[in-house]
There are 2 protein chains.
Amino acid sequence: MRLPKLSKLELQIMEALWSGGPLAIREIQETFPQKGRPAYTTVQTMVYRLEVKKALRRARKIGNAHIFEALLSRDAAQRRLVDDFLGMFGGRMQPVMAQLIEAGNLTPKDVVDAEKLLRDLSKKRKDA
Amino acid sequence: MRLPKLSKLELQIMEALWSGGPLAIREIQETFPQKGRPAYTTVQTMVYRLEVKKALRRARKIGNAHIFEALLSRDAAQRRLVDDFLGMFGGRMQPVMAQLIEAGNLTPKDVVDAEKLLRDLSKKRKDA
DNA sequence: TAGCATCTATTACGATTGTAGGTGGAAATA
DNA sequence: TATTTCCACCTACAATCGTAATAGATGCTA
């Protein structure tokens, strides 16, 4: 399981750790908007499961509370996400782009940004 | 359940109907590559579940075999897919594009195609 | 120190997904 | 017609996910 598959809720928990550094369960729970915030033990369960998947680990303890930190990087998790998503489209990029554009998810600005990113990237690769 | 969520296998079954027209279970099963092809009854189970979700229906009968046809359009299904996917990224397009580019899934040609699509689309919208 | 608040650890349960076996009936074929 | 093949329908089961309750341990506070 080199790149574990994470569900949406698991992703949200990882996001808390990625952007907020090592956190306790309670702190992770509080990163969710009050409206519809999952119960403490729900977050706890998911954290334990993420631990089993080696996506995070117990870094240290404060009082009797464990502090968890991400093991899996945001980038790796998102790579897996993208791969699965492309798999849903038969691995072909074209229909994905078409869908994004048709549905209005992809704006002209996004495309311009993408071009710039591509340019920067190919430059970096040449330099390296 | 206006736009039902479909799993990967369900998607593949729908894909068979979208591209192959109304089909019997056996025919759907045979659209899968021999290597790793799911059992007949596996396909059957998924078809029944898609029926419950109103993603397809029994169109007619040939002999004692039912012929199924898609009710849900490919476009609608993919829209749902994209929405869920974006939801995983917090609904922001930017990190998605960044990820696609970093991972090499999005090539310069894809971006050029995207531009053309965007132009055509804005033209069509103006005309309409 | 007694009690309240907070954590941990364990257990449970329904829904969804992928997987498929078994049984009985219908159709094609020998 | 007898037999083989195919199909429909029902049932089952393990894994994952979201949800959370409960019980027991620990730590803070009056």
Side-chain angles (χ1 to χ4, degrees), chain A residues 1 3-16 22-68 72 77 80-81 84-85 87-88, chain B residues 1 3-16 22-68 72 77 80-81 84-85 87-88:
Chain A
M1 204 190 336
L3 281 189
K5 176 171 169 50
L6 304 188
S7 69
K8 178 161 181 180
L9 181 53
E10 287 173 328
L11 256 262
Q12 289 180 282
I13 286 170
M14 292 306 291
E15 189 57 45
L23 297 175
I25 306 259
R26 178 66 63 188
E27 294 170 309
I28 295 172
Q29 190 214 0
E30 284 170 355
T31 64
F32 286 82
Q34 304 69 17
K35 178 75 186 164
R37 176 180 294 174
Y40 178 89
T41 49
T42 298
V43 175
Q44 195 189 21
T45 300
M46 299 312 284
V47 167
Y48 288 171
R49 288 176 185 170
L50 284 167
E51 194 181 11
V52 171
K53 293 185 188 180
K54 306 238 188 285
L56 52 74
R57 71 168 172 199
R58 298 166 194 232
R60 59 181 191 282
K61 234 180 153 179
I62 292 186
N64 63 341
H66 291 294
I67 304 300
F68 297 86
L72 182 68
R80 172 64 198 263
L81 213 57
D84 287 356
F85 178 64
M88 297 284 237
Chain B
M1 205 185 342
L3 281 189
K5 176 172 169 51
L6 304 188
S7 70
K8 177 160 184 181
L9 182 53
E10 286 173 330
L11 253 276
Q12 289 179 282
I13 286 170
M14 292 305 291
E15 189 57 45
L23 298 175
I25 306 261
R26 178 66 63 189
E27 295 169 309
I28 295 174
Q29 191 216 359
E30 284 169 355
T31 63
F32 286 82
Q34 304 67 19
K35 177 76 186 160
R37 177 181 293 175
Y40 178 88
T41 49
T42 298
V43 175
Q44 197 186 28
T45 300
M46 297 312 282
V47 167
Y48 287 170
R49 288 177 185 170
L50 284 166
E51 195 182 13
V52 172
K53 293 186 188 182
K54 307 237 189 286
L56 52 75
R57 69 166 173 205
R58 295 161 198 237
R60 59 182 189 281
K61 234 179 151 177
I62 292 184
N64 63 343
H66 292 292
I67 305 298
F68 297 86
L72 182 67
R80 172 62 198 262
L81 213 57
D84 286 356
F85 178 65
M88 297 284 237

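By convention in this document, chain letters (A, B, ...) are assigned in the order of the sequence lines, proteins followed by strands, and residues within each chain are numbered from 1.
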Exercise for review: Mind checking B:Arg26 for me? I need base, sugar-phosphate or nothing, with any heavy atom below 4.0 Å counting as a touch.
Suggested key: sugar-phosphate

Study note, to complete from the structure: B:Glu51 atom CD is separated from D:dC10 atom P, nearest whole Å, by 11 Å

Review point. Has the side chain of A:Thr42 got a donor or acceptor atom that lies under 3.5 Å from a matching backbone atom of A:Pro38?
Key: no

Revision key, fill the gap. Taking C:dT19, C:dC7, D:dA8 as options, the one with an atom nearest any side-chain atom of B:Ile25 is D:dA8

Point to revise | Gap between atoms NZ and P, on A:Lys8 and C:dT16 respectively (whole Å) | key: 17 Å

Practice item. Starting from C1' on C:dT19, measure out to CZ on B:Arg37 and report it in whole angstrom. Key: 16 Å

Revision key, fill the gap. Between A:His66 and B:Gly63, the residue closer to the 5' end of DNA chain C by nearest nucleotide is A:His66

Review point. Salt bridge or not for B:Arg57 and B:Glu51, using N-O below 4.0 Å?
Key: no

Review point. Contact class for A:Gln44 vs. all strands (heavy atom < 4.0 Å): base, sugar-phosphate, or nothing?
Key: base

Review point. Within less than 4.0 Å of OP1 or OP2 of C:dG18, is there a side-chain N or O belonging to B:Ser7?
Key: yes

**Study point:** C:dT8 phosphate, OP1 or OP2, under 4.0 Å from A:Tyr48 side-chain N/O
**Key:** no

Review point. Which nucleotide sits closest to the side chain of A:Thr45: D:dG18, D:dA20, C:dT6?
Key: D:dA20

Check your understanding: Nearest-Å distance, CG (A:Asn64) to P (C:dC7)?
Key -> 7 Å

Exercise for review: Considering non-hydrogen atoms only, spot the tightest contact between B:Ile13 and B:Met46 and give its length.
Suggested key: CD1-CB, 3.4 Å

Point to revise | Sugar-phosphate only, base, or nothing, as touched by A:Thr42 at under 4.0 Å among non-hydrogen atoms | key: base

Practice item. Take atom CE of B:Met46 and atom C1' of C:dT19, then tell me their distance rounded to the nearest Å. Key: 10 Å

Exercise for review: Say whether A:Gln44 and A:Tyr48, considering side chains only, have a donor N or O and an acceptor N or O under 3.5 Å apart.
Suggested key: yes

Check your understanding: Are any of B:Tyr40's side-chain N or O atoms less than 4.0 Å away from OP1 or OP2 of D:dA8?
Key -> yes

Practice item. Go through C:dG18, D:dA8, D:dA20 for me and flag the one nearest to the A:Ala39 side chain. Key: D:dA20

Review point. Is any side-chain nitrogen or oxygen of B:Arg49 closer than 4.0 Å to OP1 or OP2 of C:dA15?
Key: no

Practice item. Take atom CG of B:Leu6 and atom C1' of C:dA15, then tell me their distance rounded to the nearest Å. Key: 16 Å

Review point. Should A:Lys53 be listed as having a side-chain N or O under 4.0 Å from OP1 or OP2 of D:dC17?
Key: yes

**Study point:** For atom NZ of A:Lys5 and atom C1' of D:dC17, their distance in whole Å
**Key:** 11 Å

**Study point:** 5′-ward residue of the pair A:Thr41/B:Lys61 relative to DNA chain D
**Key:** B:Lys61

Check your understanding: Quick one: B:Gln29 CD to C:dG18 P, roughly how many Å, whole number?
Key -> 16 Å

Check your understanding: Between B:Phe85 and A:Phe85, how do the two ring planes meet: parallel, tilted or perpendicular, split at 30° and 60°?
Key -> parallel

**Study point:** Ion pair check, A:Glu10 and A:Lys5, cut-off under 4.0 Å
**Key:** no

